[in-house]
Amino acid sequence: MKVKLNKRQLVIGVAVVLVVLAGLAISKSAKDAGPGRLDDPAAKACTTFADGYADADTKTARLRLADEVNKFSAGSENERIADRAAAVGRSANEATAKWKADAAELARACREAGWSDAG
């Protein structure tokens, strides 16, 4: 089967492909836009994590803290904080080094979104 396209059909096809690629590029850049907005659930997640981090010295305490933090971050529109909180939850039952690395990333995401433990 041989398909013949005239010049108009080819131009329309190329235009459609370019629109789809532009849409994908815009979508990707929106996801990687940066720290995001610090909404109330994200602020509560950050504060809860900061308040409980020092006392989370066992796997059980880390799991409890991560669960509490994720309850707040799940309601946030800040995907970066929600993603970092989920990573903390996943690593809560793992080696301390992994937990600390994920905790540092969550703290960084909170600070970059504008959260401060001073207020």
Side-chain angles (χ1 to χ4, degrees):
M1 180 174 156
K2 194 171 183 181
V3 177
K4 287 189 175 188
L5 297 175
N6 63 34
K7 188 175 181 178
R8 182 173 182 230
Q9 291 170 324
L10 186 59
V11 168
I12 290 172
V14 169
V16 168
V17 169
L18 290 176
V19 168
V20 168
L21 291 175
L24 290 172
I26 290 169
S27 173
K28 172 83 171 129
S29 68
K31 280 187 174 180
D32 298 337
R37 185 175 71 84
L38 186 67
D39 56 14
D40 192 49
K44 287 180 182 177
C46 293
T47 299
T48 300
F49 185 73
D51 290 348
Y53 179 75
D55 295 328
D57 52 1
T58 65
K59 288 182 180 183
T60 302
R62 295 190 312 213
L63 287 166
R64 190 177 309 118
L65 177 61
D67 184 50
E68 191 174 345
V69 169
N70 276 288
K71 285 178 186 174
F72 291 118
S73 67
S76 175
E77 292 182 12
N78 188 313
E79 288 184 31
R80 190 165 177 213
I81 289 175
D83 289 346
R84 298 301 187 264
V88 164
R90 287 189 300 272
S91 67
N93 203 30
E94 294 185 21
T96 300
K98 176 70 172 145
W99 159 259
K100 286 183 178 182
D102 286 338
E105 286 298 315
L106 174 57
R108 181 173 160 219
C110 289
R111 285 189 310 275
E112 289 178 356
W115 177 85
S116 170
D117 60 358

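Each residue takes its place number in the sequence, starting with 1.
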*Asks:* With distance as the sole test, does T58 use its side chain to make a donor-acceptor pair with the main-chain N or O of A61 at under 3.5 Å?
*Replies:*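 Checked: pair present.
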*Asks:* Do you know the tightest heavy-atom contact between A42 and S76?
*Replies:*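 The pair with the smallest heavy-atom distance is CB-OG, 3.4 Å.
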*Asks:* Going from CG on D83 to CG on N78, what distance comes out if it is rounded to the nearest 0.5 angstrom?
*Replies:*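 The CG atom of D83 sits 9.0 Å away from the CG atom of N78.
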*Asks:* Can you list everything that forms a side chain to side chain donor-acceptor pair (under 3.5 Å) with D57? Sequence neighbours excluded, please.
*Replies:*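 Side chain to side chain donor-acceptor pair (under 3.5 Å) list for D57, sorted by chain: empty.
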*Asks:* Is there a path from W115 to F72 through hydrophobic residues (I, L, V, M, F, W, Y) whose side chains come within less than 4.5 Å of each other?
*Replies:*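 Looking at the clustering, F72 is in a separate group from W115.
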*Asks:* Is there a donor-acceptor contact under 3.5 Å from the side chain of R62 to the main chain of A92?
*Replies:*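 Judged by distance alone, yes, a pair lies under 3.5 Å.
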*Asks:* With sequence neighbours left out, which residue pairs that include part of residues 63-76 fulfil the salt bridge (Lys or Arg N to Asp or Glu O under 4.0 Å) condition?
*Replies:*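 Counting only pairs at least two positions apart or across chains, the salt bridge (Lys or Arg N to Asp or Glu O under 4.0 Å) contacts touching residues 63-76 are D67-K71.
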*Asks:* Roughly how far, to the nearest 0.5 Å, is CG of L106 from SG of C46?
*Replies:*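 Rounded to the nearest 0.5 Å, the SG-CG separation comes out at 6.0 Å.
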*Asks:* Below 4.5 Å, heavy atoms only, C-beta onward: do L65 and V88 meet side chain to side chain?
*Replies:*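 Not in contact.
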*Asks:* To the nearest 0.5 Å, how far apart are CZ in R80 and CD in E105?
*Replies:*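 Output value for this atom pair is 7.5 Å.
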*Asks:* Applying salt bridge (charged side-chain N to carboxylate O under 4.0 Å, His left out), can you list everything that pairs with K98, at least two apart in sequence or on another chain?
*Replies:*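 K98: salt bridge (charged side-chain N to carboxylate O under 4.0 Å, His left out) contacts with D102.
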*Asks:* For E77, I'd like to know if atom CD has over 12 heavy atoms of other residues, nucleotides or ligands within 6.0 Å.
*Replies:*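 12 or below, so no.
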*Asks:* Of the options D55, T47, T48, which is the one that meets D51 in a side-chain contact (heavy atoms from CB on, under 4.5 Å)?
*Replies:*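 Going through the options one by one, the only one that passes is T47.
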*Asks:* Taking atom CD1 of I81 and atom CZ of R37, what is their separation to the nearest 0.5 Å?
*Replies:*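 It is 10.5 Å, given to the nearest 0.5 Å.
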*Asks:* Using modelled atom types and a 3.5 Å cut-off, is there a donor and acceptor pairing between side-chain atoms of N70 and backbone atoms of A85?
*Replies:*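 Present.
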